[in-house]
Chemist: 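Let me begin by handing over the structure; questions about it come next.
No experiment lies behind these values; they were computed from the predicted model shown. Here is the naming used below: chain letters follow the sequence lines, and residue numbers restart at 1 for every chain.
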Amino acid sequence: MGENYALELKQITKRFGSVLANDHVDLTLKKSEILAILGENGSGKTTLMNMIYGIYYPDEGHILVDGKEVSIRSPKDSHHLGIGMVHQHFKLVDVLTAAENIILGLPGKTMLNMKKVTAEIQALVNKYGFDIDLSQKIYEMSVSQKQTVEIVKMLYRGARILILDEPTAVLTPQEADRLFDILRNMRDDGCSIIIITHKLQEVLALSDRVAILRKGRYIDTVETAKANVQSLSEMMVGAKVDLDIDRPEPVSPQKRLEIKGLTCRDKEGIKTLDDVDLVVNSGEILGIAGISGSGQKELLEAVAGLQAAESGTILFTDADGNQKDLAKMDSVEIQELGVSLAFVPEDRIGMGLVGDMDMTDNMMLRSYHNGKGGLLDRRGPRQLATTIKDQLEIMTPSISSPVRQMSGGNVQKVLVGREIAQNPKILMVAYPTRGIDINSSHTIYKLLNEQKKHGVAVICVIEDLDVLLALCDRIAVLCGGKISGVVNGRSATKEGIGLLMTKHEKGGEQ
Amino acid sequence: MKKEPFLKMSRREKISWQKRLMIRIAALLLSLLVCAGVIFLLVRMNPFDVYKAIWDGALGSERRIWITIRDTMILLCIAIGLAPAFKMRFWNIGAEGQILVGGACAAAAMIYAGDKMPPVLLLVVMFVCSALGGMVWGMIPAVFKAYWNTNETLFTLMLNYVAMQIVTFCIVFWENPKGSNTVGIINQSTQAGWLPELFGQKYGWNVLIVLVFTVVMFIYLKYSKHGYEISVVGESENTARYAGIRVRKVIIRTMAISGAICGIAGFVIVSGASHTISTATADGRGFTAIIVAWLSKFNTFIMLAVSFGIVFMQQGAVQIATQYGLNENASDVILGIILFFLIGAEFFINYKVERAKK
Ligand SMILES: Nc1ncnc2c1ncn2[C@@H]1O[C@H](COP(=O)(O)OP(=O)(O)OP(=O)(O)O)[C@@H](O)[C@H]1O
Ligand SMILES: [Mg+2]
């Protein structure tokens, strides 16, 4: 025993005040294997990994690396042991190049031979087939390139055990595939890899074994070959789960929004939206598909008034037939009309939520200015927080603990839950289930459907085409800022949408 | 394996207010102990005598008590002014300038309108003028920050020097007696524009004005919509934008309030304490108040206690300086040691340090 395992955790326990984040967890990682860790939001995955990486220290339990018991008190210790971790929030210096970031913080001689170091890193990059330019500055990079830098950084420090916490949450499906190829290369080269993800398809496609956590407790480790989506989700939740997505027929849809000739430019003057025409109806869910960066974010922001339109109109018609051009209004006025945007950014805290505030105060973010007088009324928000906490099963000691202390997925639930609770006329959600476990994702789909039944016009950007095809009534495909087609969600195929995503002229059925 | 560190640090998840208070009291006691050691090493004097002198200096007589109270109120007023700005993460280190401009406005009203108005009206005019002066001084960097994203730290700092030059310039006109290069006591004979006694206390009005601010600012920051907007903007402008908060408006409005209160602190100094104006009117208190605001985590009632503590030490130090013929800087040394320990206590409040267990 022991010899076979690169890493072994025995009876690891970690408490945060009254929260038992890990409860006597056992885990084994073999040499040359990819181990996936599955668990609902708040089940303690990140906490467990942080203990292996030395960010937290376990209250109880033992960690064995290569069969020897070790004590990891800081990331420095874990580097010595050949352990590397890539967090969801990258820790890179924006103004430095990739190579400079990679060597940052490493001990070395007083004189730095950058040429030699760069050559060493380049060799590593070629060996595993990474796709980065070492002399590029971080701020010019896409999310996936930044992630690559993080991985190379860990490898250059000699990591043989690599931990990736939800690496694919911010990647496009294509980028994720490329990452998986690299991870397989690394495994074949003898590295051991732990990957956390909520996407069961990825678990099945990539991993050798799957370890499952539930509410801080270790449930089991199974061979991936013997598992399927249904069995894994049942182990995670501990009960039978219904993985079907409902799609009720739209009830008396009315034209709610008519976008005509909408064009936007970014700071550099490049067109992000190019002559977009789109109709959004009440009582239906309109999906937006497209390769990332095709203008999805800009489209939603333009409707919400957060992005100035260069030309074009965004005509909003309310239930009584009154019309307003949103392109001429500012975000505050648009919000008052009942247009709500739940954009779930790559960086969750910092755009939709205030990390240091508790759930109640975060609920107020949208509604604090309602009501007379200059003083706040916290009763309504407190009630709302309680409702959302129950409805979405948000794991937090109380609605008055700061949201910063919640697990990633739970933070997200707070954000999406709040937007849905605004009772908007138009609800726009972008990546609503990013980082959310499968069970809660389905709860969110249900909530979106409920909004639809109430006559809300729902617009959602979701990267997973299977979900789009199961949930949406219509799907608009964006390609390079242009609408390349609007298809019927009930009859369209994945392949058809895939083609439109890379095609530049208009097509498809309305 | 490498050697294990002897001590282990970890972030505290929660800490009760009793424990927090205990840590702070321990820090204060420890700092007094170190001060005693330093005093003894430097001047070979019995530390207890020195402490007694400090106590005497701050609270030894009724007059001294009132001076301590007066200075506490002024420091507190400035800290209250800074609180909303810092809560918004707007690094307003320009309180000095805002105080000077406010003070200069009050002095100007005293000098030019002193014999043209009924006393009560004059005081009201002075109050309003100083608030407006401070407000303008606070809004200039805010407008630049809001519209052109200039760095407010440098901007507010530089405005301090501009304010000083303005006061120097005014002194040329207000010199009294001529050639003294100081303004002297304004309206000494008529006492026009001097804050009158309240409840038989010379500094009664000072206390009343500042205590009203203490309560109002506490409510403003914690329970008002504006206060909520300030916290959101301070945390992240992006979040604020997404929430539909008009960020520019909030920045400018908050700095207007911050500047106005600092300006009023200038009024309290000129009208309620010194009855004159000079470039030393602010006397570094605009900077000391930053520490007060931060140490109190923007809770105005805690600010009251912290301001008192600092002024107490300052008054005490002046006393030792005169009584034992020490250099005035001795007081700075003592205050420095105490602040070091108090700020250090924040570390122990946020982090837990334990012996590493095997
Ligand atoms: N620093 C902290 N302070 C207090 N509680 C914490 C802290 N970090 C984590 N927790 C709590 O510990 C539990 C486990 O959190 P963890 O982040 O490990 O979950 P997770 O499995 O990674 O979830 P997700 O899938 O949502 O990322 C959660 O209930 C969380 O609220
Ligand atoms: Mg996590």
Side-chain angles (χ1 to χ4, degrees), chain A residues 15-19 55-57 59 65 68-74 76-77 80-81 301 304-306 330-336 340-343 345 347 349-357 361-362 364-371 373-378 397 401 404-405 415 418-419, chain B residues 1-16 19 87-89 149 215-250 253 257 297-298 350-358:
Chain A
R15 288 184 193 85
F16 291 108
S18 62
V19 180
I55 292 177
Y56 296 140
Y57 193 79
D59 295 337
V65 174
K68 279 195 283 293
E69 178 157 0
V70 294
S71 153
I72 305 172
R73 294 190 176 275
S74 71
K76 223 167 155 185
D77 290 353
H80 279 293
L81 293 165
E301 286 193 341
L306 293 162
D330 77 9
S331 61
V332 181
E333 293 163 344
I334 293 176
Q335 237 180 62
E336 278 158 12
S340 175
L341 170 61
F343 181 75
D347 184 4
I349 291 183
M351 239 173 190
L353 293 174
V354 182
D356 283 339
M357 289 185 181
D361 278 14
N362 270 298
M364 287 196 302
L365 204 50
R366 286 277 191 219
S367 55
Y368 76 95
H369 48 268
N370 298 345
L375 294 185
L376 295 167
D377 182 1
R378 285 195 167 88
S401 357
R404 201 185 286 294
Q405 288 179 1
L415 180 62
R418 181 188 69 200
E419 295 309 318
Chain B
M1 231 353 260
K2 54 191 266 252
K3 233 173 65 187
E4 286 189 21
F6 182 62
L7 293 174
K8 164 182 151 217
M9 272 178 311
S10 58
R11 239 193 127 77
R12 281 182 203 272
E13 280 83 38
K14 240 192 193 128
I15 178 164
S16 63
K19 215 166 175 184
K87 189 153 194 206
M88 195 175 67
R89 307 275 153 91
N149 198 26
V215 175
V216 171
M217 183 54 78
F218 182 81
I219 296 171
Y220 182 76
L221 287 180
K222 207 153 180 185
Y223 298 109
S224 80
K225 293 176 180 174
H226 286 187
Y228 183 75
E229 288 176 337
I230 290 173
S231 332
V232 177
V233 171
E235 178 84 20
S236 151
E237 282 186 24
N238 254 332
T239 308
R241 230 164 46 88
Y242 265 73
I245 293 173
R246 293 193 165 98
V247 176
R248 282 178 182 167
K249 190 173 122 191
V250 174
R253 181 184 69 206
I257 293 171
K297 301 259 160 57
F298 313 122
N350 287 319
Y351 292 88
K352 188 161 62 185
V353 179
E354 296 169 326
R355 281 271 298 279
K357 48 178 184 273
K358 187 55 229 165

Chemist: Among Arg246(B), Lys249(B), Arg248(B), find the residue that satisfies the salt bridge (Lys or Arg N to Asp or Glu O under 4.0 Å) test when tested with Asp330(A).
Modeler: Arg246(B)
Chemist: Tell me if a side-chain donor or acceptor on Tyr228(B) pairs with a main-chain N or O of Asp361(A) at a distance below 3.5 Å.
Modeler: yes
Chemist: Sort Met357(A) into side chain, backbone, both or neither according to what part of it lies under 4.5 angstrom from a heavy atom of chain B.
Modeler: side chain
Chemist: If I take atom OG from residue Ser231(B) and atom CG from residue Leu365(A), how far apart are they, to the nearest 0.5 angstrom?
Modeler: 10.5 Å
Chemist: Work out which heavy atom in Arg404(A) is nearest to a heavy atom in Glu235(B); give both atom names and the distance.
Modeler: NH2-OE2, 2.8 Å
Chemist: Say you draw a straight line from NZ of Lys225(B) to CG of Asp377(A); how long is it, rounded to the nearest 0.5 Å?
Modeler: 8.5 Å
